[in-house]
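Not measured: the values here are computed from a predicted model. Letters A, B, ... are given to chains in the order of the sequence lines, protein chains preceding strands, and every chain is numbered from 1. Only this structure's heavy atoms are used, side chains among them; waters, hydrogens and symmetry mates stay out.
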Protein chains: 2
Amino acid sequence: MSAILIKYMKQYGDFSDDQMASILKGIEVQTYPKGTVLVEQGMISSTCYFVLSGCIRQFGVDEHGRETTYEFYTEEQSVVLFNQANMMKSSKYSLVCVEECVLVISGFTSDQEMYDAHEGLESMTRKMTEVMMGEVQEKNAVLISSSPEERYEILQDTRKDLFSRVPQHQLASYLGITAESFSRIKRRIDKSKLKMVD
Amino acid sequence: MSAILIKYMKQYGDFSDDQMASILKGIEVQTYPKGTVLVEQGMISSTCYFVLSGCIRQFGVDEHGRETTYEFYTEEQSVVLFNQANMMKSSKYSLVCVEECVLVISGFTSDQEMYDAHEGLESMTRKMTEVMMGEVQEKNAVLISSSPEERYEILQDTRKDLFSRVPQHQLASYLGITAESFSRIKRRIDKSKLKMVD
């Protein structure tokens, strides 16, 4: 399992085998059954996760009882709720395992000691965060500028696996649309694809 | 002017006066008249900015000619288009000065040399990026979960100054709504505020 992690870390830093072994020694890997609540809304947590396998859903419930799905994290994605990890604020979100998950657990973001102990680790984290930031900026741009139909198609193009891993009403919420709109768009797109095949 | 920058940097790193002076020596400050195009969509640029005063609009035009405003950057905000700064990709966005702007200009993100030369600078950048990431995650959450009316009210609460600094149709675009919806919401909210005053 740690092969995935090593491959991932090597993208962002030039670590020797010794350095890598020493970093990995400080890292914990855990398996969680489907349905596990990793963080519950309102809880204080500065734990960060890296998904080796499985799927985590990030969601929140507002004061009117409306639930919104904000993100799905799958293989090779980092799960860091930055605002709360930095500030030890109570979480606005819950994190729940949608499938059985094998996760790397760390307190990276708030841990200057770990950075001081391992040369190159802070640099790696900076680069990882910048890449994540780029992705979130792009996602934001899509949310602002596109229609629900376009968002559906972009999700199909970029994260097709989610369509078979996650319940439809959660995907709808993630796209910021109702379950009814989701079904309508799905029918329309499936139909037009069938026509293209004809 | 550099007092603003020093105050900002000190939030994220414990720099001595000597260290600060040495970092500032490598930094360029420029004044740009209103209307200046800092980055044009399609251009390759890895320049980053920090706003000492003024307002920068980030926008893009899609293949159908539709223009969308993605962000407004004002005092004490960093302007980093992470994806392109990291990857030297051509920009999906334009950056234009909505007002006369006094900006710090740097190539921070891609500049490992600068980090190696100044102790604490990479750590500062990591922390700054994490705080920015927290803000973008929050903005994302708002975009997914709220109605246009709620987004209007959140913008009024959090960035009231934009309402007098920026044309209404650009604000509408930034909220992901049409100019007509924007006017309608504005009338409704102004009216209900008047009623509360009565």
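- To the nearest 0.5 Å, atoms CG (B:Leu143) and OH (A:Tyr70) are separated by 11.0 Å.
- Expressed to the nearest 0.5 Å, how far OG1 of B:Thr125 lies from CZ of A:Arg126 amounts to 6.5 Å.
- Around atom CG of B:Asp17, no more than 12 heavy atoms belonging to other residues, nucleotides or ligands sit under 6.0 Å away.
- No part of B:Ser146 comes within reach of chain A, as not one of its non-hydrogen atoms sits under 4.5 angstrom from that chain.
- At least one donor-acceptor pair closer than 3.5 Å links the side chain of A:Gln137 to the backbone N or O of B:Val80.
- Rounded to the nearest 0.5 angstrom, B:Glu122 CD and A:Lys127 NZ are separated by 7.0 Å.
- Summarising the hydrophobic clusters (Ile, Leu, Val, Met, Phe, Trp, Tyr; side-chain heavy atoms under 4.5 Å, direct or chained), the residues clustered with B:Val142 are B:Ile154.
- Summarising the local packing, CG of A:Asp14 is surrounded by 12 or fewer heavy atoms from other residues, nucleotides or ligands at distances under 6.0 Å.
- Considering B:Met128, B:Met132, B:Glu130 in turn, B:Glu130 is the only one that fulfils the side-chain contact (heavy atoms from CB on, under 4.5 Å) rule with A:Thr129.
- The environment of CD in B:Glu153 is crowded: more than 12 heavy-atom neighbours from other residues, nucleotides or ligands sit within 6.0 Å.
- Linking Ile, Leu, Val, Met, Phe, Trp and Tyr whenever their side-chain heavy atoms come within less than 4.5 Å leaves B:Phe50 and B:Val96 in two separate clusters.
- Here the straight-line distance linking atom CG of A:Asn140 with atom CD1 of B:Ile144 works out to 9.0 Å at 0.5 Å rounding.
- Using a 4.5 Å heavy-atom threshold, the side chains of A:Lys92 and B:Glu138 count as touching.
- The two residues A:Thr68 and B:Ser145 come nearest to each other via the heavy atoms OG1-CB, 3.4 Å.
- A:Ile27 and A:Ile4 end up in the same hydrophobic cluster when Ile, Leu, Val, Met, Phe, Trp and Tyr side chains are linked at under 4.5 Å.
- The 12-atom threshold is exceeded at CD of A:Gln11, counting heavy atoms of other residues, nucleotides or ligands nearer than 6.0 Å.
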